[in-house]
Amino acid sequence: FLPRHSRSPLSPASLEVMQAGMLCVLVVCATSSSSDWAPKTLMEPFRVKVVEPITLTTRAERERALARAGFNLFKLHAEDVILDFLTDSGTGAMSCAQWAAMIEADEAYAGANAWLKFEESFHELFDFAHLLPTHQGRAAERLLFGELGGKGKTFISNTFFDTTRANVESTGATCIDLPATIEDRNAGFGGNIDLHGLRMLLQRGRLSGVVLTATNNAGGGQPVSLANMRATSKLCREAGVPIILDGCRFAENAYFISRGEPGMVGTPIVEIVREMSTLFDIMTMSAKKDGLANTGGWLAVRDDALAESLGQRLILTEGFTTYGGMAGRDMAAIAVGLREVTDESYLRYRTRTVAYMAQRLKELGVPFVEPPGGHAIYLHAGAMLPSMPAHELPGQAVACALYLEGGLRACEIGDLMFKPSVGAKPRRQLVRLALPRRVYTQAHVDYSIEVVARVNKLCKADQLRGLRITRGEASPLRHFTAEMEPLHTGEIVKHPGRGRDESRPGEYGTHAEPALMQVQVAK
């Protein structure tokens, strides 16, 4: 490091000082570089091991498929769907550890080893004395409300989802929604229950139970704060009213708490989940969501007498109390899934995927429920089609257009799913795009964003028509089975497109396919 022309030798002491200084510089540079820099791209925390081909249908093929299905997306064949966002329930990809556990699982009728592993994983997370397995979440709801419900009974919720509401009302009981206040929504916890409204109803008495759904699926996938759970639990227990957790997305809810609730930021997910469970008397669960499994569920309770009664109902309709309608391999998959779902790298990827989709849609001017939740984007179909009345089913019109334009299958959450009652407040007309867990890549998400933007453009141009129900209007869960037809001309989109708009790169007409799909076909 000395100039070449220098001939003055360094003394041993000077050389030692110089070497120490160089070492110090090198260490400081290396430390600064490693601590201050990290990749901005949040990649999927897994590798793809098995792939499933996607059939790239044409618009004409989709038109015929939609007509055959009576304009009900639930009746489409899966092979006619390019990207399926109908639900995140049971549609996720399982890990290699889950598949390995399934192969090793035994199928004993009673006391199977797979059941013992499932029970162990459950008790690591949740503070309930009794675990009753069921084949899925709605089976747990059916058992519970068959026991607690009945004519003249009333249940309260932050917002009842479709099957929960149907199972309550099928007993003759009444459902009342108390969604979050504006203050709660602004604070990032739009899934909260309205505590003031709850307090007033509890004071009147005669409530049979309070259900908190976390995250709040029918309310836009919004999380419930731990403070709201604590306050609700205190009010219910003081009033002697059972408090029930619908915990289908418990891990996603806990992640939002760990990221944004004052006093809870940075708290480990497992600790939050554990405390959440202590606040409830009963838990219903679909393991097809945050159990990371393709089937399964459970009903968990504290009270011994209630557990005994529910166990008898379980044996009658689901199966013995150590399998509850599930195969041993399904319980083994859930046992592993409960450990994987609380991994923060998975939850960060999961919620960030939804946030990325929301960010891009906002930039493109697409209205949706904000802030986004952890499992889905909820498009504001009512805002996309402000001139279309609710009885013409604007949500279903948007959902059908998403399928016609790009092969996306989404779920209407509006007046089709929840038949309006006389005198009820107008319901938001939403379309949910629920992302299956560990299934789609960023390219799939980008493709979906392009399709949604296209449909939003058609809405602004007043190109969509409403629908009328032609069959199954009176069914309690009519969105599953009803058939419809477009109003007026028999078309959802008034004027089919005229090919690609060359003035807008990436834009396409209704007879052309999105740019990304064209690349895939070329490959």
Side-chain angles (χ1 to χ4, degrees), residues 62 65-78 80-81 84-91 136-139 141-142 157 159-170 175 177 213 216-221 246 248 286 288-289 369 375-382 384-385 388-404 408-422 424-436 455 464-487 492:
R62 295 194 293 271
L66 191 59
R68 286 195 303 269
F71 294 87
N72 187 333
L73 300 171
F74 280 93
K75 293 189 172 185
L76 289 172
H77 295 170
D80 293 328
V81 176
D84 204 339
F85 300 110
L86 186 68
T87 180
D88 63 325
S89 180
T91 57
Q136 62 179 34
R138 71 188 65 175
E141 293 171 348
R142 184 67 174 171
S157 179
T159 310
F160 284 99
F161 199 59
D162 57 349
T163 57
T164 316
R165 181 181 295 275
N167 273 307
V168 172
E169 293 179 344
S170 69
C175 293
D177 291 335
T213 306
N216 189 342
N217 194 7
D246 180 346
C248 293
S286 169
K288 297 162 70 174
K289 283 90 168 175
V369 175
H375 76 285
I377 293 291
Y378 291 73
L379 302 178
H380 259 308
M384 295 170 73
L385 295 168
M388 185 178 292
H391 70 268
E392 293 186 5
L393 309 178
Q396 189 68 4
V398 168
C400 288
L402 290 171
Y403 177 70
L404 287 173
L408 307 187
R409 179 158 62 170
C411 181
E412 186 265 9
I413 300 181
D415 277 22
L416 174 61
M417 177 178 285
F418 298 103
K419 184 178 181 179
S421 55
V422 178
K425 293 181 180 179
R427 178 179 292 276
R428 290 189 297 181
Q429 306 300 310
L430 305 177
V431 176
R432 184 189 70 179
L433 288 90
L435 278 69
V455 170
L464 267 62
R465 294 194 184 278
L467 298 106
R468 67 167 66 90
I469 299 175
T470 59
R471 183 178 180 185
E473 183 173 6
S475 173
L477 292 168
R478 62 185 189 175
H479 57 294
F480 286 117
T481 58
E483 294 182 5
M484 290 152 278
E485 65 180 12
L487 295 168
I492 288 291

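Keep in mind that the numbers below use all heavy atoms, side chains included, and drop hydrogens, waters and symmetry copies.
The distance from atom CD1 of Ile377 to atom CG of Leu433, rounded to the nearest 0.5 Å, is 7.5 Å. With rounding to the nearest 0.5 angstrom, the CZ atom of Phe71 is 7.5 Å from the CG atom of Leu404. Considering CG of Leu86 and OG1 of Thr91, their distance stands at 8.5 Å, rounded to 0.5 Å. To the nearest 0.5 Å, atoms OG (Ser286) and CG (Asp88) are separated by 8.5 Å. Atom CG of Asp162 and atom NE2 of His479 lie 4.0 Å apart (nearest 0.5 Å). For the atom pair OG of Ser89 and CZ of Arg138, the computed distance is 7.0 Å after rounding to the nearest 0.5 Å.
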Using side-chain contact (heavy atoms from CB on, under 4.5 Å), reason through Glu483 and Lys75 one step at a time and then give a plain yes or no. CA-CA 9 Å; Glu483 294 182 5; Lys75 293 189 172 185; 3.1 Å; yes

The test is side-chain contact (heavy atoms from CB on, under 4.5 Å); show your working for Gln429 and Val398 and say whether it passes. CA-CA 10 Å; Gln429 306 300 310; Val398 168; over 6 Å; no

Hey, mind stepping through Leu379 and Leu402 against side-chain contact (heavy atoms from CB on, under 4.5 Å) and telling me if it holds? CA-CA 11 Å; Leu379 302 178; Leu402 290 171; 4.1 Å; yes

Would you please test His375 and Arg432 for side-chain contact (heavy atoms from CB on, under 4.5 Å) and show each step? CA-CA 10 Å; His375 76 285; Arg432 184 189 70 179; 4.2 Å; yes

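Using a 4.5 Å cut-off on side-chain heavy atoms (C-beta onward), Leu73 and Val81 make no contact. By the 4.5 Å heavy-atom criterion applied to side chains, Asp80 and Arg68 are counted as neighbours. The shortest distance between side-chain heavy atoms of Ser157 and Thr213 falls below 4.5 Å. No side-chain heavy atom of Ile469 sits under 4.5 Å from any side-chain heavy atom of Lys419. Here the side chains of Arg428 and Val369 are in contact, with some heavy-atom distance below 4.5 Å. The shortest distance between side-chain heavy atoms of Arg165 and Phe418 falls below 4.5 Å. Here the side chains of Cys175 and Glu169 are in contact, with some heavy-atom distance below 4.5 Å. Looking at Phe161 and Ile413, their side chains come closer than 4.5 Å, going by heavy atoms from C-beta outward.
A donor-acceptor pair shorter than 3.5 Å can be found between the side chains of Arg142 and Ser170. For the 3.5 Å distance criterion, the side chains of Glu141 and Thr164 qualify, holding a donor opposite an acceptor.
Nearest approach of Ala390 to Asp415, heavy atoms of both residues: CB-OD2, 3.4 Å. Annotation for His380 and Leu430: closest pair ND1-CD2, 3.5 Å, computed over non-hydrogen atoms. In terms of heavy atoms, Leu393 sits closest to Met388 at C-SD, 4.4 Å. Contact record, Ala397 with Arg465: CB-O, 3.4 Å, taken as the closest heavy-atom pair. Here the closest non-hydrogen pair linking Arg478 and Leu416 is NE-O, 3.0 Å. Of all the heavy atoms in Gly395 and Ala381, the pair that sits closest is CA-CB, 3.6 Å.
The backbone N or O of Pro420 lies less than 3.5 Å from no partner atom in the side chain of Arg427, so there is not a single donor-acceptor pair.
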